[in-house]
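Working notes for the structure below.
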Amino acid sequence: MHIANKGVIVTGGASGLGAACVRLLTEAGARTTIIDFNTETGTALANELGEACIFVKTDVTKEEEVQAALQAAHAHSGEINILINCAGIGVAEKILSKRGIHTLASFSKVISVNLIGTFNVIRLASALMAENQPEGEDGERGVIINTASVAAFDGQIGQAAYSASKGGIVGMTLPIARELASLGIRVVTIAPGIFDTPLMAGLPEAARVSLGQQVPFPSRLGRPDEYASLAKHIIENTMLNGETIRLDGAIRMSSH
Ligand SMILES: NC(=O)c1ccc[n+]([C@@H]2O[C@H](COP(=O)([O-])OP(=O)(O)OC[C@H]3O[C@@H](n4cnc5c(N)ncnc54)[C@H](O)[C@@H]3O)[C@@H](O)[C@H]2O)c1
Ligand SMILES: C[C@]12CC(=O)[C@H]3[C@@H](CCC4=CC(=O)CC[C@@]43C)[C@@H]1CC[C@@H]2C(=O)CO
């Protein structure tokens, strides 16, 4: 799919990997909508990028808020052609620890935002994509890109909730791609390794350096623009569909 003049929605687009996608695709000529619940960072980025980019304060777990955000995006760009799901949270909590037993509330929160939130936006955005005129020789109507994590495959101690949420995103990629194929809508998931974003900000510098050194090559944290570059390629390469692509420098997270 060509990107110029397309309607793009990025959830979690106010920060990190999502913000890099907003920047790259706006610069490529798309009309972009940032869906995020951080008003300060979302507004700042939309203002920086100018008229082609808007921000809509939205919690992806809330059906009504997502509906309203999609209507605003549709009014802004005329069509919804591309969705990138980056909204997500991380927690580290062991099943049993000195702090006690893993709470059900924290498990449910991670699943709600990362997995259910992703599904909520997919189901509502794909309904709008289905209204698009088919484009080009393949008759493409839309592209949906989700964000999982290598934690879906190499989950760490303390990542039961996070890995489950990301494993669910991986698991639903193919069935949704199969369902939407007849409409010309593709579904691809990116599983990032370790990327230098505000999500990592809570880690001490020594821990960040150590994580980067665990990456075989390049031995460093990934850059958000590298994630955005893959997302742009997925949009432009129609043969990519129904797959989860690891973007991780060959890291396989160790068991400890
Ligand atoms: N940074 C990494 O190393 C890494 C690795 C693998 C996967 N990921 C995943 O990539 C995605 C982006 O992560 P990031 O590193 O850019 O993090 P980030 O914290 O910089 O950005 C996440 C954004 O999502 C927003 N958000 C969170 N919950 C939301 C909700 N309920 N509704 C709307 N917006 C919400 C936040 O406000 C924030 O702007 C996440 O899904 C994360 O799990 C990150
Ligand atoms: C991003 C990732 C998973 C996380 O959410 C954690 C992050 C390291 C810093 C963290 C400390 C915490 O107490 C909460 C969780 C988290 C934000 C992890 C680095 C790589 C992990 C990942 O998703 C790899 O793909």
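Both ligands and their constituent atoms are indexed starting at 1 by order of listing.
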- [ ] Ignoring hydrogens and angles, tell me if any N or O in the side chain of Asp196 forms a donor-acceptor pair with the backbone of Arg223 under 3.5 Å.
- [x] no
Open item on the list: Between Thr58 (side chain only) and Val56 (backbone N and O only), is there a donor and an acceptor less than 3.5 Å apart?
Closed with: yes
Quick check for students: name every N or O atom pair between ligand 2 and the protein closer than 3.5 Å, with distances.
| unit_1 | atom_1 | unit_2 | atom_2 | d |
| --- | --- | --- | --- | --- |
| ligand 2 | 23 (O) | Ser149 | OG | 3.0 |
| ligand 2 | 23 (O) | Tyr162 | OH | 2.9 |
| ligand 2 | 25 (O) | Ser149 | OG | 2.6 |
| ligand 2 | 25 (O) | Pro192 | O | 3.0 |
| ligand 2 | 25 (O) | Gly193 | O | 2.8 |

Could you list, one pair per line, each nitrogen or oxygen of ligand 1 together with any protein nitrogen or oxygen closer than 3.5 Å, giving atom names and the distance rounded to 0.1 Å?
| unit_1 | atom_1 | unit_2 | atom_2 | d |
| --- | --- | --- | --- | --- |
| ligand 1 | 1 (N) | Phe195 | O | 3.4 |
| ligand 1 | 1 (N) | Thr197 | OG1 | 3.2 |
| ligand 1 | 3 (O) | Phe195 | N | 2.8 |
| ligand 1 | 3 (O) | Phe195 | O | 3.4 |
| ligand 1 | 15 (O) | Thr197 | OG1 | 2.5 |
| ligand 1 | 16 (O) | Leu17 | N | 2.8 |
| ligand 1 | 20 (O) | Ser15 | OG | 2.6 |
| ligand 1 | 31 (N) | Asp59 | OD1 | 3.0 |
| ligand 1 | 32 (N) | Val60 | N | 3.0 |
| ligand 1 | 37 (O) | Asp36 | OD1 | 2.7 |
| ligand 1 | 39 (O) | Asp36 | OD1 | 3.3 |
| ligand 1 | 39 (O) | Asp36 | OD2 | 2.6 |
| ligand 1 | 41 (O) | Cys86 | O | 3.1 |
| ligand 1 | 41 (O) | Lys166 | NZ | 2.8 |
| ligand 1 | 43 (O) | Tyr162 | OH | 2.8 |
| ligand 1 | 43 (O) | Lys166 | NZ | 3.1 |

Task: Contacts of Arg186 that satisfy side chain to side chain donor-acceptor pair (under 3.5 Å) - sequence neighbours left out - done: Glu140
Open item on the list: Side chains of Thr26 and Thr32 only: does a donor on one sit below 3.5 Å from an acceptor on the other?
Closed with: yes
Open item on the list: Holding to salt bridge (charged side-chain N to carboxylate O under 4.0 Å, His left out), I want the full list of residues that pass it with Glu135, two or more places apart in sequence or in another chain.
Closed with: Lys6
Task: Check: Ala151 main-chain N/O paired with Ser163 side-chain donor or acceptor under 3.5 Å - done: yes
- [ ] Considering only NZ, NE, NH1 and NH2 on the basic side and carboxylate oxygens on the acidic side, decide whether Glu179 and Arg123 come within less than 4.0 Å.
- [x] no
Open item on the list: Less than 3.5 Å apart, any donor N or O on the side chain of Thr147 or Tyr227 sitting next to an acceptor on the other?
Closed with: yes
Task: Ion pair check, Glu131 and Arg141, cut-off under 4.0 Å - done: no
